[in-house]
Amino acid sequence: MIIVLFGAPGVGKGTQAEILAKTLGMFHLSTGDAFRTAIKNQTEIGMVAKSYVDGGHLVPDDVTAKIVEEAMKTHGVSNGCILDGFPRTRIQAEALDAILSGMDMAVTHVVNLTVDYDTITQRLLARGRADDTEQVINNRLQVYENETAPLIEFYKNRGVLRDVHGLGTVEEVSARILSAVQ
């Protein structure tokens, strides 16, 4: 089973991915963690990514896909995998298809956590991070709308999309997600 947790910034993907991975005994692949590991271990692709990060640039889709592939191969995904933060673009979604095809696997579920943007903004402001200003949050949500939200239709057309209401306690949302993937 390959599960993609999907949704706008601040919907709780990371928290829910950790819980779901423990519950189902699957590898949780956080793109951010995969980047940090590749850079720390100074892998060839990690050093390429580092050059972009150090220059203040976004890491290109093909480099991001290679880091995800490296993490999947390193950790093994024969028991399944929960992806958190990948794919974010159509190019990344197609790259994921190619990676999984090479492993005789495919995305089985895309869980789209839905939370209204006002709630997301309040959640992110409450975290108190220096980079979580209302302007930055609005920009991140706009980038999500433009680049990532179109994947909802992409996965809906494949019949693997499951919309899950993302408000409630962590346990309530976890139960909804588990129900959607079983």
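Since we're looking at a predicted model, the values are computed, not measured. The basis for the numbers below is simple: all heavy atoms, side chains too, and nothing from hydrogens, waters or symmetry mates.
- Under the 4.5 Å side-chain heavy-atom criterion for Ile, Leu, Val, Met, Phe, Trp and Tyr, Val53 and Ile67 are members of the same hydrophobic cluster.
- A 4.5 Å side-chain heavy-atom check between Leu141 and Pro9 finds at least one atom pair inside the cut-off.
- Within 6.0 Å of the CZ atom in Arg140, the count of heavy atoms belonging to other residues, nucleotides or ligands exceeds 12.
- Side-chain contact between Leu125 and Glu134 is present, with at least one heavy-atom pair separated by less than 4.5 Å.
- Transitive grouping of hydrophobic side chains (ILVMFWY, heavy atoms separated by less than 4.5 Å) keeps Val136 and Val115 in distinct clusters.
- Looking only at distances, a side-chain donor or acceptor of Ser51 sits under 3.5 Å from a matching main-chain atom of Val48.
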Practice task
Before giving the answer on salt bridge (charged side-chain N to carboxylate O under 4.0 Å, His left out), spell out for Glu69 and Lys73 the whole-Å C-alpha distance, their side-chain angles and the decisive distance to 0.1 Å.
Solution key: CA-CA 6 Å; Glu69 181 175 23; Lys73 288 181 176 176; 3.1 Å; yes
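- Here the side chain of Asp116 pairs a donor or acceptor atom with the backbone of Asp118 at under 3.5 angstrom.
- Residue Ile91 places its CD1 atom among 12 or fewer non-hydrogen atoms of other residues, nucleotides or ligands, all under 6.0 Å distant.
- Ring geometry, Tyr117 versus Tyr144: the interplanar angle exceeds 60°, so the pair is classed perpendicular (tilted spans 30 to 60°).
- Residues Leu96 and Leu83 have side chains in contact (heavy-atom distance under 4.5 Å, counting atoms from C-beta outward).
- Hydrophobic clustering, with ILVMFWY side chains joined whenever heavy atoms are under 4.5 angstrom apart, groups Phe35 together with Tyr52.
- Hydrophobic cluster membership differs between Phe86 and Ile39, with clusters built from Ile, Leu, Val, Met, Phe, Trp and Tyr side chains linked at under 4.5 angstrom.
- Between Lys66 and Glu70, none of the side-chain N atoms (NZ, or NE/NH1/NH2) sits under 4.0 Å from a carboxylate O, so this pair counts as no salt bridge.
- Taking the side chain as every heavy atom from C-beta outward, Gln135 and Asn139 never approach each other to under 4.5 Å.
- A salt bridge links Glu94 with Arg90: the closest approach of a Lys/Arg side-chain nitrogen to an acidic carboxylate oxygen falls below 4.0 angstrom.
- A 4.5 Å side-chain heavy-atom check between Leu29 and His75 finds every atom pair outside the cut-off.
- The side-chain heavy atoms of Val4 and Leu151, taken from C-beta on, include no pair separated by under 4.5 Å.
- Arg176 places a side-chain N or O within 3.5 Å of a backbone atom of His165 that can act as its donor or acceptor partner.
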